[in-house]
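To start, the structure itself, in structure tokens.
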Amino acid sequence: MIEFAVDTTPEGIGVVTPKGRLNMSSARGLKEILDGLVSDGTSKIVVDLAETTFLDSSGLGALIAGLKAARQSGGDLRVARPTEAVLTVFKLTNLDRVLRPRDSVEGAFDA
Amino acid sequence: MIEFAVDTTPEGIGVVTPKGRLNMSSARGLKEILDGLVSDGTSKIVVDLAETTFLDSSGLGALIAGLKAARQSGGDLRVARPTEAVLTVFKLTNLDRVLRPRDSVEGAFDA
Amino acid sequence: MPETTVPGPDAGDENRVELSAPATPEMMHLVHAVLEQLWSQHEDVSMVDRMRFEMAVIEILGNIVEHAYAMESGGTERRFDVRLTATDAALVASFGDDGMPNTIDLSDVAMPDEEAESGRGLALAMAAVDDLTYDRSAGRNHWRLTCLRQPG
Amino acid sequence: MPETTVPGPDAGDENRVELSAPATPEMMHLVHAVLEQLWSQHEDVSMVDRMRFEMAVIEILGNIVEHAYAMESGGTERRFDVRLTATDAALVASFGDDGMPNTIDLSDVAMPDEEAESGRGLALAMAAVDDLTYDRSAGRNHWRLTCLRQPG
Ligand SMILES: Nc1ncnc2c1ncn2[C@@H]1O[C@H](COP(=O)(O)OP(=O)(O)O)[C@@H](O)[C@H]1O
Ligand SMILES: Nc1ncnc2c1ncn2[C@@H]1O[C@H](COP(=O)(O)OP(=O)(O)O)[C@@H](O)[C@H]1O
């Protein structure tokens with residue numbers, strides 16, 4: 001139903017790729033992964049949404065929680081390559097400003 | 001829901017790999033592929049069942065129809081690498097003799 | 001002595017899933033998905049029990065799609081419903097449809113010979129489950145499949 | 001002059017799919033699968049309409065699972081049912097559950113601020129569909145979502 005790929009770049013940026021649907025039954029998994037990264041000292045995180053086919057308000061909640069945790073530790077959380085379905089949810093919830101989507105995972109922390 | 005990979009070996013043996021469930025809504029596709037191979041002159045056919053997660057009586061019917069067509073053209077149809085679910089169906093229908101499963105695609109026409 | 005009640009095969013069916021949908025070949029996939037869901041709620045059901053139940057459920061649904069609604073005349077709705085239940089004791093599926101009555105006597109069902117390209121559906125379903133019943137009432141067909149669970 | 005009847009949003013619903021199942025987070029996947037099935041029968045429904053309908057359906061089901069059955073006391077059955085219909089005019093979902101009554105006035109629903117980690121479900125559902133209604137009757141909650149189809 002969902003899988004998460006978790007990587008760390010040579011620059012120490014955590015890259016989390018949810019593959020499948022981010023909904024009520026999978027959002028908790030994402031939240032735990034993001035919390036785990038931050039508490040292990042990885043506070044710069046990119047969530048690669050290229051393979052996230054669906055996002056609901058629980059998934060959004062997990063992203064916002066991760067964003068806040070990352071910022072509290074002096075880092076940030078950025079989202080990259082959202083699918084059309086995910087982008088629609090960002091826009092409808094007015095979160096496309098705070099979760100400003102980046103075009104690539106590599107360049108997500110460039111600006 | 002289902003995909004079919006169709007290949008021809010250097011020896012001219014057709015290899016059909018159904019990926020997914022062979023049921024009422026997909027059996028017709030298999031039948032058409034098998035018929036097409038035979039009428040194009042490929043009468044030795046291996047159906048690789050390693051990725052066939054489910055088989056019902058319509059799927060069985062398509063295999064038997066293909067077997068008869070292949071034999072009528074002087075060839076044969078052999079099945080290889082059935083999953084446990086598929087093997088169970090062969091046994092319950094007493095077709096494990098006429099559709100005797102082979103251990104490998106390569107060796108399916110060896111004996 | 002405390003009173004004991006022996007649970008019937010339907011006991012504990014608050015996890016049942018009921019579906020009502022058009023009787024089309026595409027619905028096969030949905031019923032497979034419902035069964036996947038059922039297994040995810042009942043991880044203790046053995047692979048063998050899952051396989052034989054799924055096999056029989058799909059065969060019966062295939063017959064409804066193919067035979068009960070074979071002609072345009074068959075039924076006003078061209079729909080089916082199914083209730084799927086997994087308890088500690090058994091897996092049970094109950095189908096209903098308003099198509100044409102089944103004409104086959106289940107006690108006559110036998111596996112056809114090797115050459116046959118069809119006619120294995122009911123025989124396969126009966127071989128797979130512990131009990132298969134059919135009845136016609138109030139203008140509807142009712143099929144009921146029971147797999148008694150075997151220790152995994 | 002011939003009499004004309006304007007079809008309501010439910011006309012032509014013989015392709016409807018109805019599901020009744022336990023109200024658990026795992027059931028989300030099943031409802032996604034039902035929707036996939038619905039689209040395979042209605043390939044003319046535009047991507048935008050599919051997306052907004054699916055979004056709202058999942059949010060309302062999420063609320064039933066999370067809020068209507070929040071406490072052990074909520075409902076005797078912990079089940080929901082849903083009827084999904086696609087016609088030329090509209091996509092309609094009707095939910096029923098016997099959980100606790102909804103306490104939120106839908107006209108008060110607003111999108112929370114950026115920092116909020118929850119509370120966007122109903123606002124998102126309302127933003128996605130053309131009509132969302134709630135009523136409580138006979139001890140049950142009823143939610144009804146309507147997306148008027150836009151030319152694909
Ligand atoms: N639901 C049904 N309604 C009416 N007739 C049925 C039904 N199911 C089965 N039958 C009859 O039983 C026969 C045997 O069915 P089956 O064993 O599934 O083989 P097949 O479907 O391959 O013909 C069918 O040919 C049909 O006449
Ligand atoms: N089905 C329901 N039954 C009871 N209360 C509900 C139901 N759905 C929503 N509510 C109430 O509406 C509020 C807002 O829900 P929602 O917008 O989905 O946000 P969230 O679920 O993230 O809290 C919930 O906190 C709850 O009090």
Side-chain angles (χ1 to χ4, degrees), chain A residues 1-3 18-35 38 47 49 51-72 76-79 82-101, chain D residues 21-36 39 46-70 80 104 109-130 132 145 147 150:
Chain A
M1 320 265 186
I2 190 143
E3 276 176 52
K19 303 177 181 186
R21 300 187 186 110
L22 266 184
N23 59 20
M24 182 179 247
S25 70
S26 54
R28 186 172 311 152
L30 175 61
K31 193 169 178 326
E32 278 163 12
I33 288 168
L34 297 177
D35 283 350
V38 171
V47 180
L49 296 168
E51 293 172 67
T52 304
T53 53
F54 183 86
L55 177 72
D56 76 355
S57 62
S58 327
L60 272 178
L63 288 175
I64 297 292
L67 175 81
K68 292 199 294 195
R71 288 188 179 168
Q72 245 148 44
D76 201 1
L77 178 145
R78 307 217 163 151
V79 295
T83 54
E84 205 191 319
V86 168
L87 195 58
T88 304
V89 175
F90 285 174
K91 285 181 185 161
L92 282 175
T93 52
N94 306 319
L95 288 176
D96 47 343
R97 213 183 53 84
V98 53
L99 291 171
R100 182 159 61 89
Chain D
T24 60
E26 292 74 34
M27 285 302 149
M28 300 286 168
H29 293 295
L30 189 50
V31 173
H32 281 294
V34 172
L35 288 171
E36 265 176 33
W39 307 145
S46 73
M47 271 315 293
V48 171
D49 287 343
R50 291 177 192 206
M51 267 169 25
R52 61 201 192 99
F53 188 63
E54 185 150 8
M55 212 183 282
V57 161
I58 292 296
E59 291 298 341
I60 296 301
L61 178 56
N63 275 350
I64 294 172
V65 171
E66 202 180 359
H67 300 301
Y69 294 113
F80 74 97
I104 296 287
V109 169
M111 201 62 78
D113 74 23
E114 292 175 350
E115 302 277 286
E117 289 176 31
S118 66
R120 290 186 183 87
L122 279 175
L124 187 51
M126 289 181 75
V129 300
D130 294 291
L132 171 64
L145 307 170
C147 283
Q150 286 154 7

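These numbers come from the heavy atoms of this one structure, side chains and all, not from hydrogens, waters or symmetry mates. Sequence lines set the chain letters: A, B, ... in the order given, protein chains first and strands last, and positions in each chain run from 1.
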N/O donor-acceptor pair under 3.5 Å between A:Ser57 side chain and D:Glu59 backbone:
no
Donor-acceptor pair, A:Ser25 side chain versus D:Glu26 backbone, under 3.5 Å?
no
Interatomic spacing from CE in D:Met55 to CG in A:Asp56 - rounded to 0.5 Å
10.0 Å
Within 6.0 Å of NZ in A:Lys68, more than 12 heavy atoms from elsewhere
yes
Counting heavy-atom pairs under 4.5 Å with chain A, the top scorer among D:Arg120, D:Met51, D:His32, D:Arg50 is D:His32
Heavy-atom cut-off 4.5 Å, strictly under: side chain, backbone, both or neither for D:Ala127 against chain A?
both
Checking D:Ala116 against chain A: side chain, backbone, both or neither under 4.5 Å from a heavy atom?
backbone
So which residue, A:Leu95, A:Leu55, A:Leu60, ends up with the most heavy-atom pairs under 4.5 Å with chain D?
A:Leu95
